[in-house]
Trainee: 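Take a look at this one; I'll ask things after.
Just so it is clear, the values below take in all heavy atoms, side chains as well, and ignore hydrogens, waters and symmetry mates. None of the values given here were measured: they were computed from a predicted structure.
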Amino acid sequence: MNELTDLSYALDTFYFLICGVLVMWMAAGFSMLEAGLVRSKNTAEILTKNIALFAIACTMYLLVGYYIMYSSSAGGFLPNLGFLIGAENSVDAVTAGGDDAPYYSMRSDFFFQVVFVATAMSIVSGAVAERMKLWAFLAFAVVMTAFIYPVSGYWTWGGGWLSEVGYSDYAGSGIVHLAGAAAALAGVIVLGPRKGKYGKDGSIHAIPGANMPLATLGTFILWMGWFGFNGGSELKLAAVDSANNVAQVFVNTNAAAAGGVIAALILAKLWFRKADLTMALNGALAGLVAITADPLSPSALGATIIGAIGGIIVVAAIVTLDKVKLDDPVGAISVHGVVGIWGVLAVPLNNGDASFGAQIIGIAGIFGWVFLASLVVWLILKAIMGIRVSEEDEYEGVDIAECGLEAYPEFGIKK
């Protein structure tokens, strides 16, 4: 009996770790997507932000974030404060059996959770691209990953008040994606649009990205990493029901992404008379975000429809945000925020244990907390150190101003 327990524990731990590796690979996807969708003169800086934010997220979540999120009392509002991640599960605790026995390593849980934190922070990176000071962004990343995200994470996955209300979010359409988008929205409002993006007459000027192949590669990497994001959220594998659930989650995740691409591409053709690649890429991501709140309950066809609706929503949201002069170079707020809300609201359509009331409370709680807390932090950073580069540096490109190098120096072309 103990040998079977040991084997199940080892298998579930290994599965958890591998899914965490897949989610970590999403950091490469965000880097490539964002690098492709910004101008070449800003590429090195966006890559620097992505690798630095990942390192900061891992360190701050280790120091305080994980403790805040998972060491507080059930049903509470204010989390406990503490440090580090605690002792590993003992052999006796694992082999004791019963409902309370752990079935995977605590270190594997930390590793899986820390890459989720980095994902939330990556969402902010693209939305504020091409005009934010690097060190202001990194300072915000410290607060976001150490405190802002872990608090709302405690409310939900940590057993806090939103969990008690009945809020349901399997892999984090709201907990991760809406949270990242709320922080990004606050930053975009304080930061303002890029120079030349909007005319005084209300006109909108497109600012194309430098490398569509790179953006497409990034989208495929994210699509692949999402199997770990959603699949790992089943939390275990070493049982027939769990294995079947993981397989269903993988199928539904893939189906939703495909539905998002098709719907976004068709709508772009009807609306703009062109097969817009950027809308297709964002359609894939929208489908993935939409299904993340519940990739288990729907049928594969249902998941395709949920993803397709996400693809339609994201195209409309990107256009709408532009009309209200919220400049988001990569469409992150639309993909992760607007579609994240749709994903959370779609859960009760297939999951009888979820309710629209609890889902709406969850959306309001997560968005309200993250947006307001982020707005305060952005305003403090603006007052203390400034968050926007000079107009000259923005024109020349933040690569030189912030990093002292160019991503493509051999081009020899003045931007």
Side-chain angles (χ1 to χ4, degrees), residues 27 30-31 33-35 37-39 42 45-54 56-57 60 117-152 174-195 197-198 207 282 289 317-318 320-322 324-341 366-391 393-394 398 401-402:
F30 279 114
S31 298
L33 175 66
E34 294 172 14
L37 293 179
V38 301
R39 289 166 288 183
N42 301 311
E45 195 261 0
I46 200 83
L47 295 174
T48 303
K49 284 200 302 186
N50 272 277
I51 194 167
L53 75 84
F54 186 85
I56 289 170
M60 298 313 300
V117 183
T119 297
M121 191 61 219
S122 294
I123 295 165
V124 184
S125 174
V128 300
E130 301 202 295
R131 74 272 200 206
M132 174 167 277
K133 289 182 177 180
L134 173 63
W135 289 98
F137 173 83
L138 299 181
F140 177 80
V142 171
V143 182
M144 176 72 177
T145 58
F147 184 70
I148 296 176
Y149 173 90
V151 168
S152 54
I175 297 168
V176 179
H177 295 279
L178 177 59
L185 177 61
V188 167
I189 291 172
V190 176
L191 190 60
R194 291 167 291 175
K195 295 296 182 183
K197 175 64 177 176
Y198 304 113
I207 303 178
N282 278 323
V289 170
I318 289 171
T320 301
L321 288 186
D322 248 353
V324 298
K325 298 185 178 181
L326 287 173
D327 184 15
D328 179 356
V330 304
I333 297 170
S334 298
V335 169
H336 302 277
V338 180
V339 179
I341 291 172
I366 293 167
F367 178 83
W369 158 249
V370 178
F371 177 80
L372 291 175
S374 298
L375 186 63
V376 170
V377 175
W378 286 125
L379 289 172
I380 291 173
L381 290 172
K382 183 178 181 180
I384 293 174
M385 61 190 300
I387 63 173
R388 182 159 187 151
V389 300
S390 68
E391 189 169 338
D393 287 342
E394 184 177 348
V398 291
E402 295 290 291

Trainee: Is it the case that the side chain of Asp393 and the backbone of Ala401 share a donor-acceptor pair, with hydrogens and angles ignored and the cut-off at 3.5 Å?
Mentor: no
Trainee: Looking at Leu375, Leu185, Val128, Leu381, which hits side-chain contact (heavy atoms from CB on, under 4.5 Å) with Val190?
Mentor: Leu375
Trainee: Please examine the side chains of Val339 and His177, heavy atoms only from C-beta on, and report whether any two atoms are closer than 4.5 Å.
Mentor: no
Trainee: Tell me whether Arg39 is salt-bridged to Glu130, with the criterion being a basic N under 4.0 Å from an acidic carboxylate O.
Mentor: yes
Trainee: Parallel, tilted or perpendicular: which one describes the rings of Phe140 and Trp378, with boundaries at 30° and 60°?
Mentor: parallel
Trainee: How far apart are the closest heavy atoms of Val124 and Ala183, and which atoms are they?
Mentor: CG2-CB, 3.9 Å
Trainee: Whether Arg388 and Glu394 form a salt bridge (side-chain N of Lys/Arg under 4.0 Å from carboxylate O of Asp/Glu) is what I want to check.
Mentor: yes
Trainee: With rounding to the nearest 0.5 angstrom, report the CG to CD1 distance, Leu134 to Ile46.
Mentor: 10.0 Å
Trainee: What is the minimum heavy-atom distance between Leu326 and Ile189, and which atoms define it?
Mentor: CD2-CG1, 3.9 Å
Trainee: Does Lys382, at its NZ atom, have more than 12 non-hydrogen atoms belonging to other residues, nucleotides or ligands within less than 6.0 Å?
Mentor: no
Trainee: Write down the atom of Gly126, the atom of Pro329, and the distance for their closest heavy-atom approach.
Mentor: O-CD, 3.5 Å
Trainee: Would you say Ser152's side chain and Tyr149's backbone share a donor-acceptor pair under 3.5 angstrom?
Mentor: yes
Trainee: Would you mind reporting whether Ser125 and Lys49 have side-chain heavy atoms less than 4.5 Å apart?
Mentor: yes
Trainee: Where do Ala127 and Val188 come nearest, in terms of heavy atoms and distance?
Mentor: O-CG2, 3.5 Å
